[in-house]
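All chains are named by letter (A, B, ...) in the order of the sequence lines, taking the proteins before the strands, and each is independently numbered beginning at 1.
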Amino acid sequence: VPGQWALRSWPQGGGLAFPDWAYKAESSPGSRQIQLWHFILELLQKEEFRHVIAWQQGEYGEFVIKDPDEVARLWGRRKSKPQMNYDKLSRALRYYYNKRILHKTKGKRFTYKFNFSKLIFVNYPMWDVRYPSPPLLMGCSVD
DNA sequence: GACGGAAGCC
DNA sequence: GGCTTCCGTC
């Protein structure tokens with residue numbers, strides 16, 4: 001819901017914070033099935049998966065897949081695709097490049113970065129870009 | 001590993 | 001449309 005900027009922060013993440021919509025399944029109105037980018041945020045949210053996938057401290061929105069096989073296994077389990085692997089999962093992540101949801105951090109292995117300002121546009125097309133960005137989205141990569 | 005075309009699935 | 005599967009190329 002635009003206007004509701006309930007935020008969640010990471011004490012150990014150097015002040016990382018995200019708008020609440022980023023955690024809600026209903027933030028993808030178009031499709032009923034779970035979206036990969038949403039699943040990734042879901043894992044990043046939980047401390048129990050920090051050995052598998054984690055935010056890269058310093059760079060806002062950047063994350064590292066520490067255990068690609070495990071992330072693929074979890075994603076495959078969620079989508080009932082037992083044959084899922086990192087090769088296939090990473091192809092799905094690469095489709096996000098053109099959609100400007102994600103981009104690759106070049107040179108850093110298994111490292112990607114969210115374009116949060118794009119995600120808000122994807123989820124809320126009515127959002128007027130002429131209005132000033134919410135405070136905690138400022139400083140995100142916009143390109 | 002990372003990229004992106006191509007075909008297929010639902 | 002959003003992946004999944006497969007694969008040639010760098």
Side-chain angles (χ1 to χ4, degrees), chain A residues 1-10 12-131 133-134 136-143:
Chain A
V1 182
Q4 278 186 340
W5 293 98
L7 298 157
R8 216 170 289 211
S9 60
W10 274 257
Q12 69 278 54
L16 284 175
F18 294 89
D20 211 41
W21 56 261
Y23 302 95
K24 294 177 181 171
E26 57 271 25
S27 62
S28 303
S31 56
R32 281 166 293 96
Q33 269 249 300
I34 179 94
Q35 309 266 117
L36 178 54
W37 66 265
H38 201 285
F39 177 77
I40 296 287
L41 283 178
E42 197 176 293
L43 292 184
L44 285 165
Q45 182 189 182
K46 297 174 181 173
E47 195 165 336
E48 53 188 299
F49 296 111
R50 202 150 295 172
H51 63 290
V52 164
I53 187 169
W55 295 113
Q56 186 85 294
Q57 56 273 61
E59 284 292 320
Y60 190 99
E62 192 174 81
F63 63 95
V64 188
I65 297 173
K66 295 179 179 178
D67 189 343
D69 293 343
E70 181 63 4
V71 172
R73 197 189 63 80
L74 292 164
W75 174 236
R77 193 180 62 178
R78 176 67 68 91
K79 289 286 294 287
S80 303
K81 295 283 179 182
Q83 307 311 310
M84 183 52 58
N85 57 31
Y86 180 70
D87 179 55
K88 296 170 187 172
L89 185 148
S90 62
R91 183 68 189 93
L93 291 178
R94 268 177 256 128
Y95 272 123
Y96 286 148
Y97 298 173
N98 280 342
K99 294 180 183 175
R100 319 216 61 224
I101 289 171
L102 273 189
H103 63 86
K104 189 76 183 65
T105 302
K106 289 174 186 175
K108 289 186 183 176
R109 216 161 163 250
F110 308 126
T111 304
Y112 301 82
K113 188 168 177 174
F114 275 102
N115 266 319
F116 285 110
S117 46
K118 176 57 183 178
L119 282 181
I120 202 168
F121 203 74
V122 163
N123 288 298
Y124 301 107
M126 309 317 280
W127 192 271
D128 197 324
V129 289
R130 289 170 302 179
Y131 295 146
S133 301
L136 281 152
L137 287 173
M138 293 178 78
C140 293
S141 60
V142 188
D143 291 1

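- Taken to the nearest 0.5 Å, the CE atom of A:Met84 stands 7.5 Å off from the CH2 atom of A:Trp75.
- Going from atom NZ of A:Lys66 over to atom C1' of B:dG1 covers 20 Å, rounded to whole Å.
- Put simply, the side chain of A:Tyr95 and the base of B:dA2 share no donor and acceptor less than 3.5 Å apart.
- Note on A:Phe39: nothing from the nucleic acid sits closer than 4.0 angstrom, heavy atoms only.
- The pair A:Glu62-A:Lys104 does not count as a salt bridge, with every side-chain nitrogen at least 4.0 angstrom from each carboxylate oxygen.
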Audit row: A:Glu42, A:Arg78, salt bridge (charged side-chain N to carboxylate O under 4.0 Å, His left out) steps and yes/no: CA-CA 12 Å; A:Glu42 197 176 293; A:Arg78 176 67 68 91; 2.4 Å; yes
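- Counting only heavy atoms from C-beta on, A:Trp75 has its side chain closest to C:dC3 among C:dC3, B:dG1, B:dG4.
- A sub-4.0 Å separation between OP1 or OP2 of C:dT4 and a side-chain N or O of A:Lys79 is present.
- Rounded to whole angstrom, the span from the CD atom of A:Gln35 across to the C1' atom of B:dC10 amounts to 14 Å.
- Residue-level contact check: A:Lys104 touches the backbone only, with heavy atoms under 4.0 Å from sugar-phosphate atoms and none from bases.
- Rounded to an integer number of Å, the gap from NZ of A:Lys99 to C1' of C:dC3 is 8 Å.
- Take the nearest nucleotide of DNA chain B for A:Arg91 and for A:Thr111: the residue whose nucleotide is more 5' is A:Thr111.
- Of the candidates C:dC3, B:dG4, C:dT5, the closest approach to any side-chain atom of A:Arg94 belongs to B:dG4.
- Taking atom CG on A:Leu93 and atom P on B:dG4, their separation rounds to 13 Å, with Å as the unit.
- The side chain of A:Lys88 places no N or O atom within less than 4.0 Å of a non-bridging phosphate oxygen (OP1 or OP2) of C:dT4.
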Worked check of side chain to side chain contact (heavy atoms under 4.5 Å, CB included) between A:Tyr112 and A:Leu93: CA-CA 9 Å; A:Tyr112 301 82; A:Leu93 291 178; 3.7 Å; yes
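- In this structure, A:Tyr86 atom OH and C:dC7 atom C1' are separated by 17 Å, rounded to whole Å.
- Rounded to an integer number of Å, the gap from CD of A:Gln83 to C1' of B:dC9 is 15 Å.
- A cation-pi arrangement is present between A:Arg91 and A:Tyr95 under the rule of less than 6.0 angstrom and at most 45 degrees off the ring axis.
- Residue A:Leu89 is classed as having no contact, given no heavy-atom separation below 4.0 Å to the nucleic acid.
- Protein atom CG of A:Leu102 is 14 Å distant from nucleotide atom C1' of B:dA2, rounded to whole Å.
- Between the OH atom of A:Tyr97 and the P atom of B:dA2 there is a distance of 8 Å, given to the nearest Å.
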